[in-house]
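In what follows, a structure is listed as C-alpha cells, so that the remarks can point back to it.
None of these values were measured; they are calculated from a predicted model. The sequence lines fix the lettering, A, B, ..., with proteins before strands; numbering per chain opens at 1.
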Amino acid sequence: MIPPSGLPAPETEAELLRRARRLAGRPLSFLAANLGLEVPPDQRHAKGWVGQLLEKSLGSTASSRAVPDFEALGVEMKTLPVDARGVPTESTFVATLDMAESDAMRWEHSSIRKKLARVLWIPVEAEPTIALGDRRVGTALLWSPSTEEEAALRQDFEEIVDLIAEGFGESITGERGRYMQLRPKGASSRTLRWATDPEGAPVRTAPRAFYLRAGFTAELVRRHYQLAGGRRG
DNA sequence: TATTGATCATAT
DNA sequence: ATATGATCAATA
C-alpha cells in the first residue's frame, strides 16, 4: 500500500524516529507543501488535520483503518498539542470503548492497552495566536508505559469498566479516572449506543472513549526530556 | 480558566 | 454506520 505521498512506510523504529525528528522545528505549512496539501483556513472544520498531516509525512499506511499507524512496527502515532512551554494543552484520545463487549473491558485484551503499548508522541505548537500553518513540529519521542504508568492506567481502566459491568455505564462522567478518563465520543450528542442499566435492561447512551488527561502526557513528556538531558523552560 | 461534554472531517 | 484523526466550546 502506497500512501498518497509516495513515501514508503518506515521499516524500523529507528527509521521512524529519524524521520519524525527530521521534521522538528518545521512549520506545518512546510509539511503540507511537501505533500501538495493546502493548510485549512479554520481548524474548527479540520480538527484531525494535524494528526493526518503527520501520518502522511511519516509514511503511515493506516489511514482510518483499525490497525496501528505503523502496522509492521506496532507503533501508534499521536500528535500532542502543546503551549509555548511545551506543555500539552489537551487530553489525548485513545480508543472508544464498546460497553457491550465484555472482552473489550478486560485490560489484558483491551484496545487501550494495545494502543498504548508503543506510541510515537509528536508535540506540535497549538497556541491559537499562531496561525495553523506557522505552528512548528516539536521533537518526537518514542514511548512505552513504565511498569508504574501501566499500573496507574490499568487502575483507572478497571475502576471505570467495573462500574459499567455493574450497570452504571450510562452515568459515568469525565470526572472519573486519575490519568485516564471516559468521555463522550460521537458525531454528536444524538449519537447513541447500547449499554446496560443496573437492572440488566438495555439502555441507549452516548458512545464513550478513553482519553489520557493532559496531566499524564505532560508528565510523560517532562520526564522524557529530563532524562534526555534536554531543554528546560 | 481548567475540565467535561459536544462536535467536525475523512475514509472504509 | 463506524473507525480513524482530534479540537471546539459550554460549563463548573
Side-chain angles (χ1 to χ4, degrees), chain A residues 1-5 20 28 31-32 35 37-71 75-85 87-101 104 110-112 114-116 119-133 135 137 156 160 169-195 204-219:
Chain A
M1 270 158 282
I2 306 297
S5 62
L28 299 182
L31 311 203
L35 296 168
L37 300 173
E38 296 294 323
V39 177
D42 185 353
Q43 202 172 17
R44 279 177 301 182
H45 298 291
K47 294 181 181 180
W49 185 75
V50 176
Q52 289 158 356
L53 179 69
L54 268 297
E55 282 185 347
K56 288 175 186 160
S57 297
L58 295 174
S60 169
T61 55
S63 117
S64 211
R65 291 179 306 124
V67 297
D69 296 305
F70 298 96
E71 200 171 355
V75 174
E76 180 73 16
M77 189 214 82
K78 295 283 182 197
T79 56
L80 210 46
V82 296
D83 67 16
R85 294 146 41 222
V87 177
T89 58
E90 282 282 356
S91 56
T92 301
F93 168 75
V94 182
T96 301
L97 177 69
D98 187 345
M99 297 195 198
E101 279 298 330
S110 68
S111 56
I112 306 301
K114 211 162 293 177
K115 289 194 182 188
L116 294 180
V119 182
L120 181 70
W121 297 102
I122 308 182
V124 177
E125 286 182 326
E127 290 158 292
T129 53
I130 308 175
L132 184 54
R135 296 179 190 177
V137 177
D156 287 339
I160 289 167
E170 191 188 8
S171 58
I172 292 176
T173 72
E175 288 164 42
R176 291 211 110 87
R178 179 112 154 67
Y179 302 106
M180 194 167 65
Q181 61 182 169
L182 192 70
R183 302 217 306 271
K185 163 69 162 152
S188 80
S189 57
R190 278 86 70 191
T191 307
L192 296 173
R193 261 163 42 165
W194 291 108
R204 298 290 260 162
T205 188
R208 288 173 171 80
F210 281 104
Y211 290 79
L212 296 175
R213 293 182 177 281
F216 181 85
T217 51
E219 179 63 10

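How far CD1 of A:I172 is from CG of A:L182: 6.0 Å, rounded to the nearest 0.5 Å. The CD1 atom of A:I112 sits 11.5 Å away from the CG atom of A:D156 when rounded to the nearest 0.5 Å. A distance of 11.0 Å separates CD of A:E170 from CH2 of A:W194, quoted to the nearest 0.5 Å.
Not counting sequence neighbours, the partners of A:T173 by the side chain to side chain contact (heavy atoms under 4.5 Å, CB included) test are A:E175. The side chain to side chain contact (heavy atoms under 4.5 Å, CB included) search around A:S111 returns A:A95, not counting sequence neighbours. Residues satisfying the side-chain hydrogen bond (donor to acceptor under 3.5 Å, both in side chains) test with A:T205, not counting sequence neighbours, are A:R208. Here A:E101 pairs with nothing under the side-chain hydrogen bond (donor to acceptor under 3.5 Å, both in side chains) rule; sequence neighbours left out. The ring-ring contact (aromatic ring centres under 6.0 Å, His included) test applied to A:F210 returns A:F157, not counting sequence neighbours. Every residue two or more places apart in sequence or in another chain that forms a side chain to side chain contact (heavy atoms under 4.5 Å, CB included) with A:S91 is listed here: A:Q181, A:R183, A:Y211. With sequence neighbours excluded, no residue forms a side-chain hydrogen bond (donor to acceptor under 3.5 Å, both in side chains) with A:R178. Residues forming a side chain to side chain contact (heavy atoms under 4.5 Å, CB included) with A:I130 (at least two apart in sequence, or on another chain): A:E125, A:E127, A:D134, A:R135. With sequence neighbours excluded, no residue forms a ring-ring contact (aromatic ring centres under 6.0 Å, His included) with A:W49.
Contact annotation for A:R208: no contact, since no heavy-atom pair falls under 4.0 Å across all strands. If you check every strand for non-hydrogen atoms under 4.0 Å, A:T89 touches nothing. Among the protein residues, A:G48 comes within range of the nucleic acid bases, having at least one heavy atom under 4.0 Å from a base atom. No contact: A:P207 has no heavy atom under 4.0 Å from any strand. Across all strands shown, A:Q43 has heavy atoms under 4.0 Å from sugar-phosphate atoms exclusively, and none from any base.
For the pair A:W49 CH2 and C:dC8 P, the interatomic distance rounds to 13 Å; values are reported in whole Å. Atom CG in A:L97 sits roughly 15 Å away from atom C1' in C:dA3 (whole-Å rounding). Between A:L212 atom CG and C:dT7 atom P there is a gap of 13 Å when expressed in whole angstrom units. For the pair A:W121 CH2 and C:dG5 P, the interatomic distance rounds to 11 Å; values are reported in whole Å. Taking atom NZ of A:K115 as the reference point, atom P of C:dA6 lies 10 Å away to the nearest angstrom. A straight line from CG of A:D42 to C1' of C:dA6 spans 14 Å, rounded to a whole angstrom. At whole-Å resolution of the value, CZ in A:F93 and P in C:dA3 are 9 Å apart. To the nearest angstrom, P of C:dT4 lies 13 Å from CD of A:E71.
With C:dG5, C:dT4, C:dC8 as the candidates, the nucleotide lying closest to the side chain of A:R44 is C:dC8.
Read 5' to 3', the first and last nucleotides of DNA chain B with an atom closer than 4.0 Å to a heavy atom of chain A are B:dT4 to B:dA11.
Summary of helix geometry: the two end axes of the helix from B:dT1-C:dA12 to B:dT12-C:dA1, each defined by five base pairs via their C1' atoms, are inclined to each other by 30° (rounded to 10°).
Taking the nucleotide of DNA chain B with the nearest heavy atom to each of A:Q52 and A:R213, the more 5' of the two is matched to A:R213.
A heavy atom lying under 4.0 Å from DNA chain C marks the following residues of residues 182-192 of chain A, by number: A:R183, A:K185.
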